[in-house]
Every structure is written in structure tokens, then in C-alpha cells.
Amino acid sequence: MTDKRVRFTIDGVELEGSTEETIMDAAEQAGIYIPKLCDVEGLDPQGSCRLCTVRLNGRPVASCTQPVEEGAVVENETTELLNVRRDLTRMLFHEGNHLCPICEASGNCELQAMAYRLEITQATKYPYLQPARSLDASHPDIALDTDRCIRCGRCIRVSNDVDHKGVFGYVGRGINKRVAVNADNLALTDASIDDAAIGVETCPVGCIIRKGVGFSVPIGHREFDESIIGSDREN
Ligand code: FES
């Protein structure tokens with residue numbers, strides 16, 4: 001696609017961007033926060049969590065994959081879209097085992113932080129599926145608790161594109177889809193504590209656990225204990 005300068009609006013704010021940018025990119029540059037869980041700057045978008053859904057000229061689209069267009073009217077912070085995002089967030093809580101009070105990721109967890117941002121005070125709308133997948137603690141430095149996986153694919157893309165190791169991938173389909181490793185267990189992979197895929201920025205929840213550093217920053221003093229998710233990207 002040829003790069004063209006275009007003008008468009010997000011919630012009535014007039015912006016200029018390039019047809020090579022996504023709505024998410026353009027919004028972030030303009031200091032407008034669009035919620036997201038699977039998209040990460042520097043990685044190809046996966047477009048799976050749908051938290052970033054906006055309306056483009058009235059049509060729902062994933063803003064992390066949708067390029068901007070000349071004259072586009074983008075709606076982001078509407079009651080309808082906030083409710084869609086609340087439902088998507090609730091469903092993630094119901095599908096996995098997200099027991100925040102006993103999770104090492106509490107306070108750094110983007111799912112928990114998204115619930116706070118969206119003012120979800122209870123998650124009782126759907127039945128809890130309570131999966132009982134196995135915990136892989138075979139590696140000396142890393143553990144994998146896929147009951148907390150939200151299938152954002154961030155570890156998969158980072159392991160492939162940054163670490164060039166391909167340690168993580170998906171197995172299963174539909175409700176049974178989950179992240180897995182490319183060997184019988186983590187200890188048999190070439191995953192290392194120094195991999196970008198294992199870094200604290202990669203897994204947005206408590207699925208990938210770094211052993212030996214638990215609670216080094218006390219709860220109450222962690223990233224999202226101090227600030228609302230997305231507030232660093234907002235004007
Ligand atoms: Fe766009 Fe997940 S952030 S689909």
C-alpha cells in the first residue's frame with residue numbers, strides 16, 4: 001500500500017496520520033488510549049483479544065489491525081464500546097483461574113488492571129469454567145501456569161520474532177486452545193530466564209512466572225497499584 005497522509009477523527013478529535021498506521025498507532029501518538037491486551041508495540045498485531053474494538057464509520061473493527069482512512073470517523077469511548085470491553089474482560093476472568101489475591105502478578109497484571117479501569121466490580125455474569133490444566137514448573141528459573149493464559153499470543157510472537165527460539169505456540173482449538181511449549185515440558189526447551197519472552201513486559205498476566213523473584217516488589221507498590229492502565233498514554 002502506498003503511504004498517504006490522511007485526516008480522520010477519533011471521538012471528534014481531528015487527527016492526521018498515514019495509511020501505513022493502524023488506528024491504534026495513530027491514537028497512541030495522539031495521546032488517546034484504546035484498551036488492548038494482545039497488541040504490543042514492536043510486534044505484529046495478532047488481533048485476537050478484541051478489547052481494542054472501535055467503530056470505524058459505524059462498523060466495528062479491531063483498531064490494532066485496521067489502518068486509518070481518509071475522512072474516517074472513529075468512535076472509541078462510547079457507552080456501547082465500553083460495555084463490549086467489559087464483557088470481553090469478564091469472559092477472560094470466567095474462562096481462566098484468575099485468583100488475584102494469591103497471584104504473583106497482582107498489581108502488574110494487565111487483565112486485573114483492565115478490570116479496574118473498566119470499573120468491573122464483580123465478575124459474576126457468566127459461569128466460571130475453572131480449568132484444571134497442568135502447571136509446568138520443570139524449568140529451574142521459569143514456570144508456566146496456563147490456567148491464567150488469556151491467549152494473547154505475546155509470548156509466542158516475542159519468542160519467534162525477538163528471541164528467534166519458537167519456544168511457545170498454541171495447542172488445542174476453541175475453548176481448549178492454550179499456550180504450550182515446543183517440547184514435553186519447559187525444562188526440555190531452550191527457554192532461558194534472559195529471553196525477552198520471559199521478561200515481565202511480555203506476559204500480561206501471571207501465566208509465565210519467573211521463579212525466585214516473587215513479591216520482590218510488595219503488593220501495593222506495583223505498576224497498576226500506582227496508576228491506571230493506559231494513563232501513561234493519555235493526554
Ligand atoms: Fe487489538 Fe487485542 S489489542 S485485538
Side-chain angles (χ1 to χ4, degrees), residues 8 10-11 15 17-69 72 74-78 80-96 98 105 108-118 120 146 148-162 168-170 173-175 177-179 196-197 199-208 223-224 228-234:
F8 58 98
I10 299 181
D11 289 342
L15 300 173
S18 143
T19 47
E20 294 200 335
E21 281 174 337
T22 62
I23 295 172
M24 176 69 79
D25 295 335
E28 289 196 345
Q29 281 171 35
I32 296 170
Y33 178 66
I34 301 177
K36 60 181 187 178
L37 285 174
C38 69
D39 190 48
V40 180
E41 199 179 338
L43 295 181
D44 286 342
Q46 178 176 272
S48 61
C49 76
R50 276 355 211 202
L51 261 284
C52 71
T53 299
V54 295
R55 282 195 180 268
L56 168 67
N57 299 330
R59 184 170 49 99
V61 295
S63 61
C64 67
T65 57
Q66 178 68 42
V68 294
E69 298 171 4
V74 178
E75 294 165 78
N76 173 37
E77 284 266 335
T78 65
E80 179 225 6
L81 289 169
L82 287 173
N83 282 334
V84 167
R85 292 167 185 160
R86 286 186 182 108
D87 271 349
L88 290 170
T89 303
R90 282 191 187 103
M91 281 190 255
L92 291 172
F93 275 100
H94 285 267
E95 190 281 331
H98 299 284
N108 292 322
C109 172
E110 294 178 33
L111 177 65
Q112 180 193 45
M114 192 62 69
Y116 284 133
R117 179 178 178 106
L118 295 171
I120 296 172
T146 54
R148 298 174 182 157
C149 176
I150 58 168
R151 293 170 303 282
C152 64
R154 285 162 51 164
C155 58
I156 298 172
R157 284 172 285 158
V158 173
S159 188
N160 283 337
D161 303 345
V162 181
F168 299 103
Y170 287 126
R173 304 183 64 174
I175 197 74
K177 182 174 169 177
R178 62 182 171 81
V179 78
V200 287
E201 301 292 321
T202 296
C203 179
V205 290
C207 175
I208 296 177
E223 182 177 2
F224 303 122
I228 293 176
I229 191 169
S231 56
D232 57 330
R233 299 197 186 93
E234 290 172 304

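Counting starts at 1 for both ligands and their atoms, in listed order. Basis for what follows: all heavy atoms, side chains included, without hydrogens, waters or symmetry-related copies.
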S.K.: Identify, by atom number and element, the atoms of ligand 1 in contact range of Cys52, meaning under 4.0 Å from any of its heavy atoms.
M.R.: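 Those atoms are 1 (Fe), 3 (S), 4 (S).
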S.K.: Around atom OH of Tyr170, are there more than 12 heavy atoms from other residues, nucleotides or ligands closer than 6.0 Å?
M.R.: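 More than 12 within 6.0 Å, yes.
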S.K.: Taking C-beta and beyond as the side chain, do Val179 and Cys155 meet within less than 4.5 Å on heavy atoms?
M.R.: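 Yes, close enough: below the 4.5 Å cut-off.
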S.K.: For atom 2 (Fe) of ligand 1, does an N/O/S atom of Cys64 lie at less than 2.8 Å?
M.R.: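 Short answer: no, not a single N, O or S atom is under the cut-off.
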S.K.: Tell me the protein heavy atom at minimum distance from atom 4 (S) of ligand 1, and give that distance in Å.
M.R.: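 Protein heavy atom with the smallest distance to atom 4 (S) of ligand 1: Arg50 N, 3.1 Å.
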S.K.: Give the numbers and elements of all ligand 1 atoms closer than 4.0 Å to a heavy atom of Asp39.
M.R.: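 Within the 4.0 Å cut-off of Asp39, ligand 1 contributes 3 (S).
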S.K.: In terms of atom number and element, which parts of ligand 1 are under 4.0 angstrom from non-hydrogen atoms of Ser48?
M.R.: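 Numbered from 1, ligand 1 contributes 4 (S).
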S.K.: How about Ile150 and Glu110: do any of their side-chain heavy atoms sit closer than 4.5 Å?
M.R.: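 A side-chain contact is absent here, since even the closest heavy-atom pair is not under 4.5 Å.
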S.K.: Supply the atom-to-atom distance Ile120 CD1 to Phe93 CZ, rounded to the nearest 0.5 angstrom.
M.R.: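 The CZ atom of Phe93 is 7.0 Å from CD1 of Ile120, to the nearest 0.5 Å.
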S.K.: Just jot down the ligand 1 atoms closer than 4.0 angstrom to any heavy atom of Cys49, in number order.
M.R.: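 Heavy-atom distances to Cys49 below 4.0 Å select 2 (Fe), 3 (S), 4 (S).
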S.K.: Which of the numbered atoms in ligand 1 are under 4.0 angstrom from any heavy atom belonging to Lys36?
M.R.: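 Under 4.0 Å from Lys36, ligand 1 has these atoms: 3 (S).
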S.K.: Mark yes or no for whether Thr78, through its side chain, and Leu81, through its backbone, hold a donor-acceptor pair below 3.5 Å.
M.R.: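 The answer is yes, because a donor-acceptor pair under 3.5 Å joins these two groups.
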S.K.: Is a side-chain donor-acceptor pair under 3.5 Å present for Arg86 with Asn83?
M.R.: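 Yes, because at least one side-chain N or O of Asn83 sits under 3.5 Å from a partner of the opposite role on Arg86.
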S.K.: Answer yes or no for Cys38: is there an N/O/S atom below the 2.8 Å cut-off from atom 2 (Fe) of ligand 1?
M.R.: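 Under 2.8 Å: Cys38 contacts atom 2 (Fe) of ligand 1 through an N, O or S atom.
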